[in-house]
**Student:** 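Would you mind keeping the following structure in view while I ask a few things?
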Amino acid sequence: MAGNLVKIKMGRLDKIFDSVENGSLFKDKYVLQANYFPDNIPHRDKQIDQVASILAPILRGDRTSNLFVYGLTGTGKTLSVKYIKDQLLKRYKKEDTKLRILYINCKLKKVSDTEYRILAEIIKQLGSEVPATGLPTDQVYAKFVEILEEEKQSLLLILDEIDQAVKKISDSFLYNLTRLNSELSKTQISLVGISNDLKFLDSLDPRVRSSLGEEEIVFSPYNALQLKDILKKRSERAFNKGVLEEGVLEKCAAYAAREHGDARRALDLLRISAELAEREGSKKISLKYIDMANSKIDKDKIFDIVESAPRQFQLVLNSIINLNKGNQAQKTLQGTKINRIFTGDVYNNYQNLCEQTKTEILTQRRVGDLIAEMDMVGLINATVVSKGRHGRTREIKLSIPNQIMEKVSGILSERLMI
DNA sequence: CGAGATTCATGTGAAGTATACCTTTAGGCTTAA
DNA sequence: AAGCCTAAAGGTATACTTCACATGAATCTCGTA
């Protein structure tokens, strides 16, 4: 009896394993993943050449112009710069001075947010240590300078997502960095800033702008054809022959092109489509999986945010959902009349919710910021409107798809113990 | 009736506060030779 | 004497709060036709 049961179970699992082992659509899934580093970067030759020619003097040990690289997400900025970094290091031969190229992503959680942490990361990459917290910032600077003065070297600092850093800190950080050169006798620092905010440079202090933006390069978005080409190159390595149905690449490319030509999005779309197809035991990746993948990406993002958000954030979100539900009900009852949701409404509802859940009530000021955050991450759509005599406020629209509203609501109730 | 002044409900910015956490430092205690 | 532990001191990060000022169109006011 018991043996039978196990046998049945084994049989079922074997089937699952078999389907993954034999029927796999993937040849090499890694090729489609975000951290894959391709050995050539299509359609970016012009930009790569530009960057390379600006940075080339560093091979002679000269200081190069500071460089600023713009471009929306998924336009190959990071990839291209990293590629050039590798090439430079490969070519560098001079013995008497050392060449060091540091790549720092200012957006990564462990690095981001403070001048201190960025410096700490730089120092760590230079091969020294500094405590994660506890030291005054100027001491960290001193340590940085000390390391640089140890020996003659050229330093190229690549700061990715630099706008994130400056938004949190002030641009005085960049100012300090650009000025450091005059204090150093043996070492030259060159900066490469990467940002996807096109207006970023304008918002900087003029002194910083002129020194950081000595050279500028713009990475324009890929168009649908280029995206398709990229997908094609990668899919040849990623998939087994013949698993892609006609038009799949085109559709992925088209979707991603719609999102400002984001290549990362295109690749994600393709990979997730394939995963979905595989899970359903399909031998081919057909068009319908792309649509599924597309909505799955959106949904997962929402669940992620909602689930990991801090309690107060969840409470406020819950209030908005409550109000929205009320509106839906009214809509069906009374026809066309829709109450718009404003900050004040949300705050009132939120206060009630706090009483129910015995949570401390935050000030309206703070709740306003939380609402702004939700707008930022795309959970809601909030626009500032002036209602004339009735003041000025944000009009809030929920932008969670209806199909997952229930589930989001469920997660919230569970986490908030309502 | 129309131009300007008012007004409302909040947006927004700066600065301050509380709490949690971190390292360094110094002093006292333990331990092994 | 060396090593270890602990608490105090001095720092940062985070999540708020407080205070103060900014906003912009509906509405009010008042001079004018």
Side-chain angles (χ1 to χ4, degrees), chain A residues 104-124 126 128-147 161 163-173 176-177 197 199-200 202-205 305-320 323 339-355 357-377 379-398 415-416:
Chain A
I104 286 145
N105 189 335
C106 307
K107 206 178 169 184
L108 289 181
K109 208 53 185 181
K110 61 165 185 162
V111 180
S112 72
D113 287 6
T114 64
E115 187 173 2
Y116 184 96
R117 286 198 200 164
I118 291 175
L119 275 171
E121 178 67 21
I122 294 173
I123 288 172
K124 199 171 139 208
L126 283 169
S128 188
E129 274 297 334
V130 89
T133 164
L135 256 51
T137 309
D138 50 344
Q139 273 191 43
V140 185
Y141 262 111
K143 175 108 185 181
F144 180 45
V145 172
E146 183 191 309
I147 293 172
E161 315 264 6
D163 48 327
Q164 298 291 324
V166 172
K167 209 184 292 165
K168 286 271 180 179
I169 325 160
S170 68
D171 44 14
S172 63
F173 164 60
N176 288 340
L177 276 183
D197 182 0
K199 288 167 297 182
F200 170 68
D202 294 332
S203 65
L204 286 178
D205 184 308
I305 295 167
V306 171
E307 228 159 323
S308 62
R311 183 179 173 77
Q312 294 287 6
F313 186 96
Q314 293 177 330
L315 276 166
V316 176
L317 182 61
N318 203 299
S319 303
I320 297 174
L323 290 170
N339 279 337
R340 300 191 293 169
I341 304 174
F342 302 110
T343 306
D345 308 335
V346 174
Y347 190 62
N348 288 336
N349 196 297
Y350 159 80
Q351 280 176 308
N352 291 336
L353 214 55
C354 282
E355 258 165 55
T357 57
K358 302 216 166 39
T359 312
E360 248 181 282
I361 302 171
L362 298 181
T363 50
Q364 181 149 348
R365 177 72 185 78
R366 177 65 185 143
V367 172
D369 279 351
L370 288 176
I371 290 174
E373 272 177 48
M374 288 179 199
D375 188 35
M376 281 282 291
V377 298
L379 241 37
I380 62 175
N381 198 317
T383 10
V384 195
V385 292
S386 180
K387 294 194 291 171
R389 199 72 206 282
H390 304 291
R392 230 164 83 92
T393 180
R394 279 199 189 89
E395 183 180 343
I396 297 162
K397 279 193 224 125
L398 212 49
R415 291 289 240 81
L416 299 171

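Residue numbers begin at 1 in each chain, while the letters A, B, ... track the order of the sequences. On a predicted model such as this, the values are computed, not experimentally measured, just so you know.
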**Student:** Could you give the distance from CZ (A:F313) to CD1 (A:I371), rounded to the nearest 0.5 Å?
**Tutor:** 10.0 Å
**Student:** Using only side-chain N and O atoms of A:T363, determine if any of them is under 4.0 Å from OP1 or OP2 of C:dT17.
**Tutor:**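 A:T363 to C:dT17 OP1/OP2: side-chain N or O found under 4.0 Å.
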**Student:** Looking at C:dT18, C:dG24, C:dA15, which one has an atom nearest to any side-chain atom of A:R366?
**Tutor:**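 My answer, after comparing the listed nucleotides, is C:dA15.
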**Student:** Hey, which of A:R394, A:H390, A:E395 is the one that makes side-chain contact (heavy atoms from CB on, under 4.5 Å) with A:F342?
**Tutor:**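 The passing option is A:E395.
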**Student:** Starting at CZ of A:R311 and ending at P of C:dT14, how long is that distance when rounded to a whole Å?
**Tutor:**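 Computing the A:R311:CZ to C:dT14:P distance gives 21 Å.
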**Student:** Using side-chain contact (heavy atoms from CB on, under 4.5 Å) as the criterion, list what pairs up with A:R366, not counting sequence neighbours.
**Tutor:**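 Once residues adjacent in sequence are excluded, the partners of A:R366 under the side-chain contact (heavy atoms from CB on, under 4.5 Å) criterion are A:L362, A:T363, A:D369, A:L370, A:E373.
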**Student:** Do A:I396 and A:M374 make a side-chain contact, defined as non-hydrogen atoms from C-beta onward lying under 4.5 Å apart?
**Tutor:** no
**Student:** Any idea which of B:dA14, B:dT10, C:dG24 is nearest the A:R365 side chain?
**Tutor:** B:dA14
**Student:** Can you check the A:E360 CD to B:dA18 P distance for me, whole Å?
**Tutor:**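 The answer, rounded to whole Å, is 13 Å.
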**Student:** Judged by each residue's nearest nucleotide on DNA chain B, which is more toward the 5′ side, A:R394 or A:G391?
**Tutor:** A:G391
**Student:** For A:I361, which contact category applies under a 4.0 Å heavy-atom criterion: base, sugar-phosphate, or nothing?
**Tutor:** sugar-phosphate
**Student:** So among A:N349, A:N318, A:N348, which one has a side-chain contact (heavy atoms from CB on, under 4.5 Å) with A:L323?
**Tutor:** A:N349
**Student:** Could you pull out all residues at least two apart from A:T359 that satisfy side-chain contact (heavy atoms from CB on, under 4.5 Å)?
**Tutor:**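 For A:T359 the side-chain contact (heavy atoms from CB on, under 4.5 Å) partners, ignoring immediate neighbours, are A:R311, A:Q312, A:L315, A:C354, A:T357.
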**Student:** Round to a whole Å and report the spacing from CD of A:E373 to C1' of B:dT12.
**Tutor:** 15 Å
**Student:** Would you please confirm or rule out a distance under 4.0 Å between OP1 or OP2 of B:dG11 and any side-chain N or O of A:T343?
**Tutor:**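 So the side chain of A:T343 is within the cut-off, an N or O lying under 4.0 Å from OP1 or OP2 of B:dG11.
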**Student:** Determine whether any donor atom in the side chain of A:R389 lies under 3.5 Å from an acceptor atom in the base of C:dT27, or the reverse, and answer yes or no.
**Tutor:**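 When only heavy-atom distances are counted, A:R389 does not reach the base of C:dT27 through any donor-acceptor pair under 3.5 Å.
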**Student:** Take atom CG of A:L362 and atom P of B:dT17, then tell me their distance rounded to the nearest Å.
**Tutor:**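 Going from CG in A:L362 over to P in B:dT17 covers 19 Å.
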**Student:** Rounded to whole angstrom units, what separation is found between the CG atom of A:D345 and the P atom of B:dT10?
**Tutor:**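 Value for this atom pair: 8 Å.
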**Student:** How many Å lie between NZ on A:K387 and C1' on C:dA25, as a whole number?
**Tutor:**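 Rounded to the whole Å, the gap is 12 Å.
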**Student:** Can you tell me how far apart CD1 (A:I341) and OG1 (A:T393) are? Round to the nearest 0.5 Å.
**Tutor:** 11.0 Å
**Student:** Between atom CD in A:Q312 and atom C1' in C:dT14, what is the gap in whole Å?
**Tutor:** 14 Å
**Student:** Which angle, to the nearest 10 degrees, lies between the helix axes at the two ends of the helix from B:dC1-C:dG31 to B:dT31-C:dA1, each defined by five pairs?
**Tutor:**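 Rounded to the nearest 10 degrees, the bend comes out at 10°.
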**Student:** Tell me: CG of A:L370 to P of B:dT10, nearest whole Å?
**Tutor:**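 These atoms are roughly 16 Å apart.
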